[in-house]
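Throughout, a chain's letter reflects where its sequence line sits, starting with A, and its residues are numbered from 1.
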Amino acid sequence: MSEDRRLDRLSSMLRRRGIVLPAFEIYGGVSGLIDYGPVGASIRRRVVEIWIDHWLSQGDIVEIDSPTITPEEVLVASGHVGEFNDLMTECKSCNSAFRADHIVGDDSETMDKKEIDKILANGVICPSCSKSEWTPSSPMNLMFSTRLGAMSSGRTAYMRPETAQGMFMLFPSLYRHFRQKLPFGAIQTGKGYRNEISPRQGMVRLREFNMAELEYFIDPQNPPMYSGGSEVVTLIPDPQSEYSGEKKISFAEALDKNIIRHPTVAWFLSRTWDFLIKVGINSDKIRFRQHANNEMAHYASDCWDCEIYGEYGWIECVGIANRTCHDLESHEKSSKTSTLRAWRNFEEPKVEEKEKLFPNGSVIGPMLRADAREVASIIEEMEKLPEKIPFDLKLSDGRTITITADMVERRLETITVNGEWFTPHVIEPAFGIDRIIWHILDHAYEESQKEGEPYTYLRLAKGVSNVDCIVLPLFDKDGMGDLAKNYAQQINSIPNIRSEIDFSKSIGRRYARADEIGIPWAITVDHTSIEDGSVTIRRRDDQVQIRAEIGDLIGHLRNKTMDSLF
RNA sequence: GCGCCUGUAGUGAAGGGGUUAUCACAAGAGGUUUCCAACCUCUUGUCCCGGGUUCGAAUCCCGGCGGGCGCACCA
């Protein structure tokens with residue numbers, strides 16, 4: 001089978017079998033929007049469920065769910081509004097696009113559109129073709145905006161460009177849930193939205209996409225170290241570092257050599273690898289690429305992309321970043337709260353002895369009346385004690401009051417400080433679910449031959465296929481059809497195990513249809529089944545068939561031990 | 001967004017200013033068949049959308065939308 005048109009054949013199959021299709025096709029379709037069809041939607045859900053289970057099983061991670069509509073302030077604080085509103089201009093001569101503020105030589109990002117257009121018109125030279133014919137600058141807003149509330153009183157909001165902000169919003173609740181102890185994490189899966197200028201490559205660059213993100217909050221002074229990560233993987237370290245060039249190395253060793261700069265990041269790289277293998281990504285087609293300093297977001301300190309190889313080349317499918325305290329800090333600042341922090345106990349409490357003045361209320365009160373409150377608070381907050389008493393004290397309105405010895409008491413105070421507040425750091429693994437599903441399909445799609453005819457398999461990992469097994473009556477007569485329905489129903493009553501039934505056409509064709517969409521097990525009901533309740537079980541991957549009692553089959557399906565029958 | 005290519009049943013293709021648009025596979029109904037895309041009969045279903053040229057447009061032209069590739073963009 002020729003390789004050159006494989007992408008076309010795979011895409012055709014995905015449409016034909018209802019896995020992934022262009023959305024709104026009867027109205028001409030919309031670029032960057034896709035449907036998961038009757039088969040694909042189940043595959044997508046199962047991949048997401050495996051992802052959720054993968055993280056929840058760790059024990060210190062919980063799931064949350066927050067709105068996709070996000071008020072503007074949140075995304076101003078996160079930096080998305082600024083980043084997504086860059087003015088762009090294009091050279092009419094060579095069609096190169098540039099950030100308008102950069103091309104006019106202003107890095108302050110304070111110029112407005114009028115100023116920039118004026119400078120552009122005054123002969124700024126295009127760096128790529130040396131001419132000077134610019135289009136008027138226009139904002140490149142990659143977020144979908146909307147309004148909350150009707151008419152002009154509404155509040156500007158955006159469809160979220162990432163799910164991460166939801167976890168930051170819920171930090172106070174998470175902190176309480178975890179009994180004020182770090183580390184802990186929160187995951188969220190759901191839709192994200194970016195109004196891409198030019199969506200391309202099928203399901204790789206979408207305008208509405210499925211994301212799955214984890215925010216893992218840690219104490220930067222005490223970063224969690226986990227063991228593991230011994231499998232040898234492909235790493236491409238920062239090309240500007242001393243480790244440039246592709247490396248075959250384990251995560252553990254890479255951490256040891258400081259190629260991976262943070263122990264928790266190393267752990268999540270390893271857990272990401274585990275997940276990808278679990279859902280059926282080919283291990284030879286995974287690599288981890290470290291961002292160079294100039295590629296990283298300004299706040300991140302160690303950033304890795306997990307790239308997967310497929311029909312479109314190496315595609316970034318997971319980003320793992322140490323976002324440090326950036327997000328929590330900037331939300332704390334913008335929202336004027338002080339709830340986005342964690343408490344850290346000192347190993348030893350710090351004990352400080354300090355001389356302090358205490359106001360003597362029974363003297364000050366009757367004497368100063370209305371001024372007593374202010375005077376008392378000034379005295380209590382004095383960092384530096386006056387050298388002698390009496391002394392003069394200045395009030396906020398400029399008057400001066402003389403404080404005499406009977407008005408205050410000088411005492412030695414012992415202050416014990418048990419710990420301090422700090423802003424946790426956050427390690428963020430962010431998964432592009434659609435891109436991962438694309439590569440699952442790409443890697444599973446196998447074009448082979450059967451008796452000289454082209455034959456295709458989708459060798460999906462167990463648990464990823466839309467159903468777990470298909471029940472096939474050899475013929476729809478002599479009660480085989482009814483028996484098959486009965487068995488399919490019994491199988492469907494097992495939690496999280498699904499079966500389908502197919503009566504149409506010859507048995508060989510039905511096996512082929514099941515193979516094409518990756519159903520791992522085919523259960524055939526034949527004449528013997530009617531006599532003794534046994535069925536044949538065919539394994540997709542090698543077409544080996546065995547016979548088993550329906551009761552045994554159900555037990556093995558429930559325990560996910562089907563392979564032990566063979 | 002720009003440039004080049006492109007759009008015909010579910011899928012892949014053929015054709016094309018003039019009767020009812022063709023083929024294969026797939027799908028549905030029935031028959032046959034004791035386990036791997038078999039066979040027979042019947043059936044369903046297509047010219048991306050809009051405008052123009054024309055007596056007549058699915059065909060030619062223009063625009064839009066969608067797709068592919070390249071350039072640019074990708075927090």
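An OP1 or OP2 oxygen of G12(B) is reached within less than 4.0 angstrom by a side-chain nitrogen or oxygen of Ser12(A). Close to C35(B), at under 4.0 Å from its OP1 or OP2, lies no side-chain N or O of Thr536(A). The side chain of Arg207(A) contributes no N or O atom lying less than 4.0 Å from OP1 or OP2 of C74(B). For G10(B), the OP1/OP2 oxygens have no side-chain nitrogen or oxygen of Arg17(A) closer than 4.0 Å.
Rounded to the nearest Å, the gap between the P atom of G7(B) and that of C48(B) is 9 Å. Nucleotides U43(B) and A9(B) have their C1' atoms positioned 14 Å apart, rounded to a whole Å. Only the P atoms considered, C23(B) is 16 Å distant from C40(B), to the nearest whole Å. C74(B) sits 43 Å from G15(B) when the P atoms are compared, rounded to a whole Å. Between G16(B) and A72(B), the two C1' atoms lie 39 Å apart (nearest whole Å). Using P as the reference atom, G51(B) and G56(B) are 15 Å apart when rounded to the nearest Å. On the C1' atoms, G50(B) is 47 Å away from C39(B), given to the nearest whole Å. Taking atom C1' on both U11(B) and G70(B), the two are 28 Å apart, rounded to the nearest angstrom.
Set against G67(B), A37(B), C36(B), the side chain of Ser506(A) has A37(B) as its closest nucleotide. Considering only the side chain of Ser31(A), G66(B) comes nearest among G66(B), C36(B), U34(B). Looking at the side chain of Tyr455(A), the nearest of the listed nucleotides A37(B), C35(B), U11(B) is A37(B). Relative to the side chain of Leu474(A), the nucleotides C35(B), A37(B), G28(B) differ in distance, and C35(B) lies closest.
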- Task: Tell me, with the steps shown, if Thr536(A) and Gln545(A) meet side-chain hydrogen bond (donor to acceptor under 3.5 Å, both in side chains).
- Result: CA-CA 6 Å; Thr536(A) 66; Gln545(A) 228 167 350; 3.2 Å; yes

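Contact annotation for Glu162(A): base contact, defined as any heavy-atom pair under 4.0 Å involving a base atom. In this structure, Arg200(A) reaches the bases: a heavy-atom distance under 4.0 Å links it to at least one base atom across the strands shown. Gly18(A) comes within 4.0 angstrom of nothing in the nucleic acid, heavy atoms only. In this structure, Ser198(A) reaches the bases: a heavy-atom distance under 4.0 Å links it to at least one base atom across the strands shown. Across all strands shown, Glu453(A) has no heavy atoms under 4.0 Å from either base or sugar-phosphate atoms. Using a 4.0 Å heavy-atom distance criterion, Glu25(A) is classed as making no nucleic acid contact.
Between Phe475(A) and His527(A), the ring planes lie tilted relative to each other; the angle falls in the 30° to 60° range. Using bins of under 30°, 30° to 60° and over 60° for the plane-to-plane angle, the ring pair Phe168(A)/His331(A) lands in the tilted bin.
Results of the side-chain hydrogen bond (donor to acceptor under 3.5 Å, both in side chains) test with Glu307(A) over His439(A), Arg289(A), Lys285(A) single out Arg289(A) as the only residue that passes.
Using a cut-off of 4.0 Å between Lys/Arg side-chain N and Asp/Glu carboxylate O, Glu446(A) and Arg459(A) are scored as salt-bridged. Under the 4.0 Å criterion applied to side-chain N and carboxylate O atoms, Glu72(A) and Arg155(A) are not assigned as salt-bridge partners. Using a cut-off of 4.0 Å between Lys/Arg side-chain N and Asp/Glu carboxylate O, Asp442(A) and Arg435(A) are scored as not salt-bridged.
The partner of A21(B), taking Watson-Crick or G-U wobble pairs whose two distances both stay under 3.5 Å, does not exist in any strand shown. Pairing of G63(B), defined by two Watson-Crick or G-U wobble distances under 3.5 Å, is identified with C49(B). Nucleotide C69(B) has G3(B) as its partner under the Watson-Crick or G-U criteria, with both atom distances under 3.5 Å. Of the nucleotides present, U41(B) is the one that pairs with A29(B) by Watson-Crick or G-U wobble criteria, both distances under 3.5 Å.
For the pair Tyr457(A) OH and C36(B) P, the interatomic distance rounds to 13 Å; values are reported in whole Å. As rounded to whole Å, 16 Å separates atom P of C39(B) from atom CZ of Phe475(A). Nucleotide U11(B) holds its P atom 14 Å from the CZ atom of Arg5(A), rounded to whole Å. Note: CD (Glu196(A)) to P (G67(B)) measures 13 Å, nearest angstrom. The CD-P distance, from Glu316(A) to C73(B), rounds to 16 Å in whole Å. Look at CD on Glu311(A): it is 18 Å from P on G67(B), rounded to the nearest Å. Atom C1' of nucleotide U11(B) and atom CZ of Arg509(A) are separated by 14 Å, given to the nearest angstrom. Nucleotide A26(B) holds its C1' atom 16 Å from the CZ atom of Arg510(A), rounded to whole Å.
For the pair Arg435(A) and Asp515(A), both in contact range of RNA chain B, the more 5′-proximal nearest nucleotide belongs to Asp515(A). Map Arg205(A) and Lys505(A) each onto its nearest nucleotide of RNA chain B; the residue landing nearer the 5' end is Lys505(A).
Not a single donor-acceptor contact under 3.5 angstrom links the side-chain atoms of Arg538(A) to the base of C35(B). Scanning atom types as modelled, no donor and acceptor separated by under 3.5 angstrom connect the side chain of Tyr27(A) and the base of C49(B).
Asp238(A) approaches Gln290(A) most closely through the heavy-atom pair N-OE1, 2.9 Å.
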